[in-house]
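Take a look at the structure below.
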Amino acid sequence: FSLPLLKLEVEAPLKDNNEIFLQLESAEYRDANSNRFDTQLKEGYLSLTSMLSARAELRYGLIPDFYIELQREQWGYDFWGATSSLPLLKYKYTSWSDLGGMYQAELPGDWGHWALSITNGEGMQSDEIGPRKQAQLVVGLAKAAPFYVMASYVHGGYENYDESFNKKTRLLVHMSYEFSKALVALEYYGTHDPANAILAGGIASGVDVSALQATNVEGQGVALFSYMSLTENINLFLWADWLSPVKQEKEKNLKALSTGLSYEASEDIHWALAYEYTDYSDTFAAAIRDQSQLVLATRVIF
């Protein structure tokens, strides 16, 4: 039995529809340097809308990754710990939030929306350690609703490595179709990192890239997720993803599956019974790690 995390969200309204948003998180386990249930600020930013055009927003502070924020709103089945998180978070290719600023607005002609953010690139666990910044562009297209397309490109650099192998990029493409009682979504993500950063940051679930140090490593992954309403309160959900963190070493890959049933006992209480399975290829790391577990999870909002 475990208590994966507790969250406290505070929305403080200001004049003219501006607001301050805070999110505190106390997690059972965050990373190798964290103590159990230490509380940290996960989000904390000023949201300004009064001085902008309609449906535009400016955020400044510890801002969430906008692509991840939108994707999580669509998915919503990640409340029983790290293994149920979205792939970019689960495999540590991105942080939930970072210090910086973001502007978002609608595209003309009801095509959708776009957002541009500039952040430190260090993630929420670290202060600024150098002058480099990270830029992210997110574009969401809704003209063909209920078919939706979202794309994101991230470009930045690591501070700790030589210019010849310090680049960090993320290319993300997400497509989904919403039925009256179901959702099907497909996502592709391409990554570019120094092998040194993968080792130091535990990226890609501990993949062995020790022989590639002082070089750039490209990876790619595909994720499929869906859910379907069986009754008014019961949903069937499925998440499957495949990750190849080192393109030039195709035998190093992993496959993960999470599927189960969820039950909304009330507006505030959500249960999920899920089966999770992760299969690591023989050469992924020093040892074969095939994992599976049955999870009964509860989310309570109050």
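None of these values were measured; they are calculated from a predicted model. Only heavy atoms go into these numbers, but all of them, side chains included; no hydrogens, no water, no symmetry mates.
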>> Distance to the ring centre below 6.0 angstrom and angle to the axis at most 45 degrees; does that hold for K168 and Y158?
In response: yes
> If Ile, Leu, Val, Met, Phe, Trp and Tyr residues are connected whenever their side-chain heavy atoms lie under 4.5 Å apart, and connections chain through other members, are L5 and W80 in the same group?
Replying inline: no
> CG of D162: more than 12 outside heavy atoms within 6.0 angstrom?
Replying inline: yes
>> Does Y60, at its OH atom, have more than 12 non-hydrogen atoms belonging to other residues, nucleotides or ligands within less than 6.0 Å?
In response: no
> With no hydrogens and no angle check, do the side chains of D78 and S85 hold a donor and an acceptor under 3.5 Å apart?
Replying inline: no
> Given the side-chain rings of F79 and H270, with only the six-membered ring counted for Trp, is the space between their centroids under 6.0 Å?
Replying inline: yes
>> If you count heavy atoms of other groups shown closer than 6.0 angstrom to CG of D268, is the number above 12?
In response: yes
> Does the ring center of F237 lie less than 6.0 Å from the ring center of Y77?
Replying inline: yes
> Taking it one step at a time, do V222 and D241 satisfy side chain to side chain contact (heavy atoms under 4.5 Å, CB included)?
Replying inline: CA-CA 6 Å; V222 179; D241 62 75; over 6 Å; no
>> With rounding to the nearest 0.5 angstrom, report the CG to OH distance, L183 to Y227.
In response: 4.5 Å
>> So for atom CD, which belongs to E73, do other residues, nucleotides or ligands contribute more than 12 heavy atoms lying within a distance under 6.0 Å?
In response: yes
> Is the number of heavy atoms from other residues, nucleotides or ligands within 6.0 Å of CH2 (W114) greater than 12?
Replying inline: yes
> Ring centroid separation for H192 and Y93, is it under 6.0 angstrom?
Replying inline: no
> Does any donor atom in the side chain of Q74 or S176 lie under 3.5 Å from an acceptor atom in the other side chain?
Replying inline: yes
